[in-house]
Amino acid sequence: MKQEETMLRIVKYAVKAPSCYNTQPWRFKIRNDTICLLPDFTRALPVVDRDDHALYISLGCVLENLVLAANEFNYETKIEITGNEKKPQIMVTLYDEPEAVKSELFDYILKRQARRNKYSNDEIPDNLLSELFNDPHDEGVRTRLFLSRNEIKWLVPYILESTRRQFSNKAFVDELVSWVRFSEKEAMLKGDGILAASMGLPNTGRFIGNIIIKHFISADREAGRMEQLTEASSGLALFMAEENDPYHWIRLGQAFQRFGLKAAKYEISHSHLDMPCDVLRVRAKLIHDLELKDLTPLLLIRFGHSRPMPYSFRRSFYKLLDP
Ligand SMILES: Cc1cc2nc3c(=O)[nH]c(=O)nc-3n(C[C@H](O)[C@H](O)[C@H](O)COP(=O)(O)O)c2cc1C
C-alpha cells in the first residue's frame, strides 16, 4: 500500500494541468497503488466541445503531470486505458522505484500557464523550435508549424471566420460567460473558470460583466482582437491527432502538456486559437486546404515572448476524490 499522503501530493501536481475554460473536468479514485483518472461529464462543454475532444485532451494533460510527479516521488508508472472506446478510463499503477528516472519537466508544472496577452513576434531559433515540437514520445500526434509572416497570415481568414461563427451563436456565448469569473474573489471562491481580466475584460463583478459580454462584445470586435493576437505571434502550432478518438485525444493532451512545460522552461508564452479546429465547418476547410487527409486538427496554439500573467485557480482537490 502506497503512502496516501504521497498519492495526494501527486494528484495535487496533476491538477495544475490546463483544461478548456479551466473547467477541470476530472475526478480521481485512489485504490491501493492505483490512481484512476475519470472524466467528469458534469463539467463538459456541450456547445464548444460537442464530442468531448477538449475534455479528453485536458485529461491527457493531467495524465502527463501525474506521471512526471509520480517519477519525482520515486515511482515508476504503468498506464492502462480501459473502459469502452467512447468513455475510456485511465488507470495509473505506481511501483516503488528509488531509482525512478525523473524528468526536469516536473520543475515547470507550477510555472506553466496559458498567457492570453499580446506577444512580441521575434523569431524563435530553430534549435529551440525543434526541442519544443520534436518529441519522440508524441506517438499518434503530429504538429505543423506556421512561422513566416506569410504562413501566419494565411491562417487569419480561418481564425476570423470561426471566431465570428462562435460569437454569433448565443449558446456559445452563454456557455463561455458561465465560465468567465468577473472578479478575483469569484475565481477564488469557485476555484475554476477564466478570469475576465485575462480575456482583456474589466473586473466588474458578474452582473455588469454579463451585460458587457452579451451586449457590447460583438463577433467582429472579437475577431479583430484575435487577428491582432495572431499577427503578434512568433509562430503558430497546429496539434493534430492521427485518429479522431478519445485514445488519441488523450495522447494529444500528453504531447501538448509536454510542449507547455518545455515552453515554460524557456519562458516562451503560449495560448489557444483553437476556433478553426472547434468550428467543424472551418475544421473541414482547414483539412482540405492543408491536405491533412486523415489527420484531425484539434489545437491551434500561438507562441512568442510576453510578460507572465496572474495564475489561474484550481478547485479544492479534496472535492475531486471519489470516496
Ligand atoms: C483542450 C484545451 C482547450 C483550450 N481552449 C482554449 C480556448 O479556446 N481559448 C482560451 O483562451 N484558452 C483555452 N485553453 C486554455 C485554458 O483556458 C487554460 O488552460 C485554463 O484557463 C487554465 O489556465 P492555465 O493553463 O494558465 O493553468 C484550453 C486549454 C485546453 C487544455
Side-chain angles (χ1 to χ4, degrees), residues 12-26 39 43-45 47-65 108-119 141 159 162-163 165-167 172-173 175-181 187 190-201 222 225-226 229-230 233 236-241 246 248-261 263-264 268-279 282-283 296-303 306-315:
K12 236 175 165 170
Y13 278 100
V15 301
K16 294 294 180 185
S19 58
C20 193
Y21 294 177
N22 198 18
T23 50
Q24 304 161 40
W26 45 66
R43 307 179 75 80
L45 297 166
V47 181
V48 72
D49 184 27
R50 208 181 326 171
D51 61 359
D52 292 320
H53 72 271
L55 185 149
Y56 280 103
I57 291 173
S58 309
L59 291 189
C61 297
V62 173
L63 175 62
E64 194 58 25
N65 276 4
Y108 299 95
I109 289 179
L110 301 183
K111 293 190 179 135
R112 183 214 58 83
Q113 62 172 181
R115 290 186 187 147
R116 294 188 187 80
N117 51 9
K118 200 169 172 181
Y119 306 160
V141 179
I159 292 169
S162 49
T163 305
R165 282 186 186 278
Q166 286 185 326
F167 276 82
F172 169 87
V173 175
E175 184 178 77
L176 173 64
V177 169
S178 71
W179 288 99
V180 174
R181 304 293 170 244
K190 294 218 160 104
D192 61 14
I194 309 172
L195 258 180
S198 79
M199 299 173 67
L201 295 165
E222 201 48 27
R225 200 171 73 84
M226 289 302 147
L229 292 174
T230 305
S233 310
L236 269 70
L238 191 60
F239 282 77
M240 302 171 287
H248 286 81
W249 299 337
I250 293 167
R251 297 287 311 179
L252 191 140
Q254 289 184 272
F256 172 60
Q257 180 64 359
R258 278 195 297 277
F259 155 75
L261 296 171
I268 292 175
S269 302
H270 74 279
S271 185
H272 293 249
L273 292 168
D274 300 340
M275 305 74 90
C277 306
D278 291 339
V279 176
V282 180
R283 184 197 283 182
T296 306
L298 294 171
L299 298 179
L300 181 60
I301 303 297
R302 64 183 172 103
F303 54 88
S306 72
R307 279 177 297 105
M309 299 281 283
Y311 279 89
S312 60
F313 292 91
R314 294 294 181 274
R315 288 182 294 152

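All ligand and atom numbering here is 1-based and tracks the order in the structure.
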**Request:** Using salt bridge (Lys or Arg N to Asp or Glu O under 4.0 Å) as the criterion, list what pairs up with Asp192, not counting sequence neighbours.
**Result:** Arg43, Arg181
**Prompt:** Looking only at side chains, do Arg302 and Ser233 share a donor and an acceptor under 3.5 Å apart?
**Reply:** no
**Prompt:** Hey, which atoms in ligand 1 end up nearer than 4.0 Å to a heavy atom of Arg116?
**Reply:** 10 (C), 11 (O), 12 (N), 15 (C), 16 (C), 17 (O), 18 (C), 21 (O)
**Prompt:** What atoms in ligand 1 come closer than 4.0 Å to a heavy atom of Ala54?
**Reply:** 1 (C)
**Message:** Once you restrict to heavy atoms under 4.0 Å, what part of Tyr311 touches ligand 1? Side chain, backbone, both or neither.
**Reply:** neither
**Prompt:** For atom 9 (N) of ligand 1, what's the nearest protein heavy atom and its distance?
**Reply:** His272 CB, 3.8 Å
**Message:** Working to the nearest 0.5 angstrom, can you tell me the gap between Glu64 CD and Ile250 CD1?
**Reply:** 12.5 Å
**Prompt:** Just which atoms of ligand 1 are under 4.0 Å from any heavy atom in Ile57?
**Reply:** 1 (C)
**Asked** How close does the nearest protein non-hydrogen atom get to atom 8 (O) of ligand 1, and which residue and atom is it?
**Response** Asp274 OD2, 3.9 Å
**Request:** Would you give the length of the straight line joining atom NZ of Lys16 to atom CG of Leu261, rounded to the nearest 0.5 angstrom?
**Result:** 13.5 Å
**Request:** Starting from atom 19 (O) of ligand 1, find the nearest protein heavy-atom neighbour and note its residue, name and distance.
**Result:** Pro18 CB, 3.0 Å
**Asked** Considering only heavy atoms, does Arg112 approach ligand 1 within less than 4.0 Å through its side chain, its backbone, both, or neither?
**Response** side chain
**Message:** Check this for me - ligand 1, Lys16, N or O atoms closer than 3.5 angstrom, yes or no?
**Reply:** no
**Request:** Could you tell me the residue and atom name of the protein heavy atom closest to atom 26 (O) of ligand 1, and the distance to it rounded to 0.1 Å?
**Result:** Ala114 N, 2.9 Å
**Prompt:** So, is Asp278 polar-close to ligand 1, with some N/O to N/O distance under 3.5 Å?
**Reply:** no
**Asked** Is ligand 1 under 4.0 Å from a heavy atom in the side chain of Asn22, in the backbone, in both, or in neither?
**Response** both
**Complete:** Looking only at protein heavy atoms, what sits closest to atom 16 (C) of ligand 1 is Ser19 O, 3.1 Å
**Message:** I need the atoms of ligand 1 closer than 4.0 Å to a non-hydrogen atom of Tyr21, numbered in the order shown.
**Reply:** 17 (O)
**For Glu175, side-chain hydrogen bond (donor to acceptor under 3.5 Å, both in side chains) partners two or more places apart** = none
**Complete:** Only residue of His272, Arg165, His53 satisfying side-chain contact (heavy atoms from CB on, under 4.5 Å) with Asp278 is His53
**Asked** With a 4.0 Å heavy-atom cut-off (strictly under), which part of Ser312 contacts ligand 1: side chain, backbone, both or neither?
**Response** side chain
**Message:** In terms of relative ring orientation, are Phe259 and His270 parallel, tilted or perpendicular, with 30° and 60° separating the classes?
**Reply:** perpendicular
**Message:** Before you tell me yes or no, could you show the steps for Leu298 and Phe256 under side chain to side chain contact (heavy atoms under 4.5 Å, CB included), namely the whole-Å CA-CA distance, both residues' side-chain angles and the distance that decides it to 0.1 Å?
**Reply:** CA-CA 11 Å; Leu298 294 171; Phe256 172 60; over 6 Å; no
**Prompt:** With a 4.0 Å heavy-atom cut-off (strictly under), which part of Gln166 contacts ligand 1: side chain, backbone, both or neither?
**Reply:** neither
